[in-house]
Each structure stands twice: as C-alpha cells, then as structure tokens.
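Just below is one structure, and these are the notes that go with it.
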Amino acid sequence: MLVASGLVKHYGGVTALVGVGITLAAGEVHALVGENGAGKSTLVKIISGVVRPEGGTIELDGVPVRFADARQAAGQGVAIVSQELMTYDDLTVLENLFPYGAPRRGGLVSTREMRRRAQPVLDELGLDPPPHVRTGELPLADRQLLEICRALLQEPRVLILDEPTSALPRDAAARLAEVTRGLARRGLAVLYISHFLEEVMRVATRVTVLRDGRTVLDGVPTADVGLDSLVTAMLGQPARDTAPPPAVPRRPGGTAVALTGVTVPGRLRSVSLDAAAGEIVGLAGLQGAGHLAVLDAVCGRARPSAGTVRLPDGRSPRSARHAVTEGVAYISGDRKGRGLMLDKPLWENITAVSWLGQGRGGPMPRRSRLVERSRGHLERLRIRGDVHARAGDLSGGNQQKAVLAKWLDAAPAVLALDDPTRGVDVGARTELHDLVRELAASGRAVLIASTDLAELVELCHRVLVFQHGRVVDTLAGDRLTEAELSLSMNAGFADSPH
Ligand SMILES: Nc1ncnc2c1ncn2[C@@H]1O[C@H](COP(=O)(O)OP(=O)(O)OP(=O)(O)O)[C@@H](O)[C@H]1O
Ligand SMILES: [Mg+2]
C-alpha cells in the first residue's frame with residue numbers, strides 16, 4: 001500500500017537517515033524499532049508529511065506522492081500520532097479531536113455533531129473524558145489516547161503510532177494493543193514504534209530495525225526473529241545481562257528518607273515507610289493507589305495534612321524548590337512536562353541544577369568546565385547529540401537520558417524516580433539501571449515507581465504495594481516477582497463492584 005525508499009535526511013551536520021525505505025501492506029501491524037536516535041521518528045515524520053526528505057520517494061498504491069505537510073498526508077489517508085504529545089491543552093476534549101475543522105451546523109461549530117462522530121472511537125479506546133474539561137487537565141495517559149482517537153477520526157488507511165504506549169499504564173497499553181490488531185484486521189496498515197520489544201513483537205506481524213539511520217532488518221516476519229537477535233540487530237551487539245542489585249549494606253548509613261503517618265488528602269492515608277541509605281525501594285500500585293503521592297510528598301510537591309516527611313539531614317521538604325536544595329532528585333518519564341529547557345543547549349540543561357541548587361551563591365564554574373562535565377555524561381549515557389545542540393533537537397529517548405544526566409550531575413542524596421526509563425532503548429535502560437545501583441551503593445536512597453514491573457523486580461531490594469492510599473504488602477526476596485507484584489496490586493479488585 002505504501003512504499004518508501006531511499007529516504008535521506010540531515011539535520012545540520014547530523015545524518016538522521018541514509019537511504020532508508022519501508023513497505024507497509026494493508027492489514028498488517030508493522031513494528032519499527034531501534035536505539036534512541038536511530039532515525040525512527042524521522043522516518044515516520046517523512047512518511048506523514050511532517051518533515052521533508054532531501055532524497056527518496058514515497059508511493060501510495062503505486063502512485064508517487066509528495067506531501068507538503070501533515071494535513072495533506074492526512075487527506076490522502078496517512079495519519080500519525082507523534083511521540084511528542086500534540087494536544088492543545090486549552091481546548092476541550094472534543095475540540096481537540098477535530099484539528100482540521102470541527103463539524104458545523106448552520107455555520108456554527110456543533111458540539112453535538114462532534115460528540116456523535118467521536119463517541120464510537122472514544123468507546124473503542126475505553127476513553128470517557130468529561131466533554132468540557134480542558135485537555136491540559138487530563139492525565140498523560142488520557143491525552144495520549146486522545147491523540148490516537150484524533151488520528152482514527154481521520155479514517156486513515158495508514159496509521160502511524162510513534163511510541164503510543166510510552167505514557168500508558170499497563171492495562172491501557174494492553175487495550176491499545178488489542179485495538180491496534182483490530183484496526184489491522186479491518187484493513188489498515190499500522191506502523192508501530194515502541195521500545196517495549198515484547199509488546200511490539202506480540203502485536204506486529206513484521207518488523208523493521210534501524211540503526212544509525214540505516215536499515216538493518218527490513219520487514220522480516222516477527223515469527224522469524226527472536227528477542228535476542230532483535231536486540232543484537234538494534235544495538236549492533238548482544239545485550240548485557242543485568243546485574244542483581246547489590247546487597248544493602250549490613251549497617252546501612254542510617255535512614256535517609258522517612259515518612260511517618262503521612263496523609264495527603266485523597267491520596268495517602270497515614271502512611272509510614274522509610275528507605276535507608278544504600279537501599280532501592282520500589283513503590284507499586286494501580287493508577288491512583290497512592291504510590292505516586294509518596295514521591296510527590298518526598299519531592300515537596302504534595303503537602304501532607306498530617307504526619308511528617310524527613311530527608312537525610314532531618315529536615316522536611318517545604319516546597320519542590322526546597323527539596324531540590326536538600327538533595328532530592330525527581331526524575332519522571334513525562335519528560336515533556338517537567339524536564340528540559342528545550343531552547344537551551346544540552347550542557348546548560350545538564351549542569352543547571354547542580355550549580356543553581358548547590359552553588360549556593362558561590363562563583364559560577366567556568367563554562368568550559370561545565371561543558372566538559374556534560375560531555376562526560378553524554379558518553380556515559382550514550383546520549384546522541386552534541387553538548388552544544390538544543391535540547392529540543394534531540395530524539396525523544398535522548399531527551400529522557402538528558403533529564404537523567406541533569407540530576408546525576410547534581411549528585412543527589414535521594415533519588416525519586418517515576419518511570420525513569422519510559423521511551424528509553426534497551427541498551428540505555430541497562431545503563432541507567434547500573435547507574436541507579438551505583439548511586440545506591442554509594443549511599444544514596446532510591447525510591448522508584450514504575451509501570452514496568454520487570455524494572456521493579458530487577459532493581460529493588462523491596463517493593464511496597466499500595467491500594468487506596470495505604471501500603472498493603474511488601475515484597476522482597478523470593479516473593480519479589482512480576483507475577484506476585486501484579487497479584488498483589490490487583491488483589492481484591494476482581495470481586496469489587498468497580
Ligand atoms: N529537529 C531536529 N534538529 C536536529 N536534529 C534532529 C532533529 N530531529 C532529529 N534530530 C536528530 O536526528 C537523529 C534521529 O532522530 P529521531 O528522532 O529520528 O530518532 P528516534 O529513532 O526516533 O529516537 P527515539 O527512540 O529516541 O525517539 C538524532 O540524532 C536526532 O538528534
Ligand atoms: Mg523517536
């Protein structure tokens with residue numbers, strides 16, 4: 001149905017694609033995978049008219065096409081849900097769904113008509129947002145699903161999903177996988193980019209792998225590729241085994257973070273927990289279970305109405321800003337929301353916290369030193385980009401790595417992590433995990449929430465499971481498995497009225 005070939009794209013001195021092609025057939029889910037910065041988003045932006053290539057061709061049903069912009073591509077049946085969220089936060093949900101002109105009646109925008117058309121698609125995705133709410137107020141996962149709705153409302157023949165599940169909790173991701181398969185059965189060609197390799201291999205029938213802007217596997221049936229060979233193709237080398245977390249020191253350096261009887265209205269009910277220096281403590285739960293409120297309380301972003309939060313020096317975080325100066329690093333997978341100064345060079349982003357937060361009035365370090373230090377982080381985390389490049393020009397996954405680098409540069413005493421490896425490739429995930437272990441081993445306390453249960457099992461010394469704002473279970477040792485975690489998070493919900 002769609003055949004792209006010989007696509008070439010440079011950004012300044014950066015070669016994003018050199019002669020890459022892809023073939024999409026009606027009725028298939030085609031996976032596109034590769035390391036952060038491999039060129040995946042560039043390829044799909046070209047196919048969907050967002051970016052213009054310097055060379056190469058695209059054919060739709062055998063007819064050469066050249067899209068001037070995304071709207072033109074949409075008109076020809078090619079719709080994209082991009083990696084960056086593109087919702088208009090000040091518009092309502094319904095307004096967001098009709099970007100190229102809302103349906104009108106008698107010259108007026110018809111809300112009723114919008115709802116009539118949107119409802120079946122909203123239902124299909126299991127989305128039920130209040131119609132008049134501003135989109136910016138919705139949770140990230142809902143905004144992501146909303147974008148998918150918007151694409152489907154264009155009734156595309158080719159649907160491109162660039163990391164659609166990187167913001168979604170597990171159940172929503174599973175639902176989306178189901179929907180995706182259904183769309184293919186209806187005859188759409190779906191191109192699906194994801195770093196969740198198991199997920200994507202389950203959903204897709206063929207896979208294309210990019211590395212450094214070149215094709216290394218070209219539309220191979222997923223049944224013929226094992227996960228190991230896929231990873232090897234992506235990285236150009238086999239993945240390393242991950243080390244188990246180092247033992248918590250026998251005499252840990254004392255309690256680093258402690259919550260005592262903490263209540264956050266509507267989120268946490270009299271919760272007490274602590275993490276020792278050197279310890280990696282997991283926080284698990286379904287959406288709204290309260291585990292994320294613990295991170296917010298530690299980071300000074302949620303004010304307890306009762307109880308106390310103590311940081312390593314015994315002080316309580318008074319505000320988000322105060323928590324940073326007390327050495328708390330908060331890293332979230334929602335990198336768009338609270339991560340980077342997109343217009344500033346990478347080195348400034350990476351060194352911003354450490355000299356603002358910890359310089360405490362001291363002289364600003366020499367610029368060349370900051371640049372040099374940033375360069376070290378880039379190498380360590382294998383960030384693809386120049387220290388002087390705008391942060392906004394990095395690929396999505398490399399931006400996430402840059403957020404991490406920024407906090408690592410600040411040498412925090414406490415790490416509060418929320419889905420830190422969302423959208424990060426397998427190689428970098430291992431690298432990040434090693435870093436977290438190293439930081440813990442050097443005396444930092446780590447609190448981590450993750451929708452990726454394997455991540456919790458691999459990293460944590462123990463995991464606290466939350467339901468309804470309380471800790472209901474603690475898993476460690478032999479009980480710390482994905483199956484036990486999932487069971488514990490969901491226990492009691494099967495027979496509840498919903
Ligand atoms: N607007 C831009 N300006 C400059 N460089 C860019 C721009 N967009 C992408 N690049 C560069 O092109 C290369 C490919 O980026 P691309 O976004 O296609 O990667 P990706 O495979 O989608 O990675 P990720 O998994 O991190 O999303 C990267 O080196 C990136 O830094
Ligand atoms: Mg990308």
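Every number for a ligand or one of its atoms is a count from 1 in the order of the listing. All values below were derived from every heavy atom in this structure, side-chain atoms included, with hydrogens, water molecules and symmetry-related copies excluded.
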Do [X] and [Y] have side-chain N/O donor and acceptor atoms under 3.5 Å apart?
X: Thr451; Y: Arg422; value: yes
X: Asn96; Y: Thr135; value: yes
X: Asp162; Y: Ser82; value: no
X: Tyr192; Y: Glu199; value: yes
X: Ser41; Y: Gln83; value: yes

- Item | Matching residue for Glu35 among Lys401, Lys40, Arg382, Arg429 - test: salt bridge (charged side-chain N to carboxylate O under 4.0 Å, His left out) |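 Only match with Glu35 under salt bridge (charged side-chain N to carboxylate O under 4.0 Å, His left out): Arg382.
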Check for me whether [X] has a heavy atom closer than 4.0 Å to any atom of ligand 1.
X: Glu35; value: yes
X: Gly39; value: yes
X: Gln400; value: no
X: Glu163; value: yes

- Is any side-chain N of the basic residue among Arg369 and Glu372 closer than 4.0 Å to the acidic one's carboxylate O?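 Salt bridge: no.
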Please check whether [X] reaches ligand 1 - meaning an N/O of the residue sits under 3.5 Å from an N/O of the ligand, judged on distance alone.
X: Thr42; result: yes
X: Gly37; result: yes
X: Gly397; result: yes
X: Val14; result: no
X: Ala38; result: yes

- Do any N or O atoms from the side chain of Ser486 and from the backbone of Ala483 form a donor-acceptor pair under 3.5 angstrom?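 Not a single qualifying donor-acceptor pair exists.
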- Quick check: does any side chain N or O of Asn349 sit under 3.5 Å from a backbone N or O of Lys344, one acting as donor and the other as acceptor?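 Answer holds: yes.
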- To the nearest 10°, how many degrees is the angle Ser41 OG to the Mg ion (ligand 2) to Gln83 OE1?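 Output for this angle: 80°, rounded to tens.
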- Applying a 4.0 Å heavy-atom criterion (strictly less than), which segment of Gln399 is in contact with ligand 1: side chain, backbone, both, or neither?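 It is neither; nothing of Gln399 touches ligand 1.
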- Measure Leu43 to ligand 1 on non-hydrogen atoms and call it side chain, backbone, both or neither using the 4.0 Å cut-off.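 Neither part.
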- atom 7 (C) of ligand 1: which of Leu210, Val424, Asp393, Val33 has the nearest heavy atom?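 Closest candidate by heavy-atom distance is Asp393.
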- Task: Select the closest option to atom 22 (O) of ligand 1 among Ala16, Ser41, Gly396, judged by heavy-atom distance.
- Result: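 Nearest option to atom 22 (O) of ligand 1, by heavy atoms: Ser41.
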- With atoms numbered from 1 as shown, which atoms in ligand 1 lie under 4.0 angstrom from a non-hydrogen atom of Asn398?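 Near Asn398, meaning under 4.0 Å from one of its heavy atoms, ligand 1 has 26 (O).
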- Item | For His195, atoms of ligand 1 separated by under 4.0 Å from a heavy atom |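 Contacts of ligand 1 toward His195, numbered from 1: 25 (O).
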- Item | Side chain proximity check, Val436 to Arg444, heavy atoms < 4.5 angstrom |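 SC-SC contact between Val436 and Arg444 ruled out.
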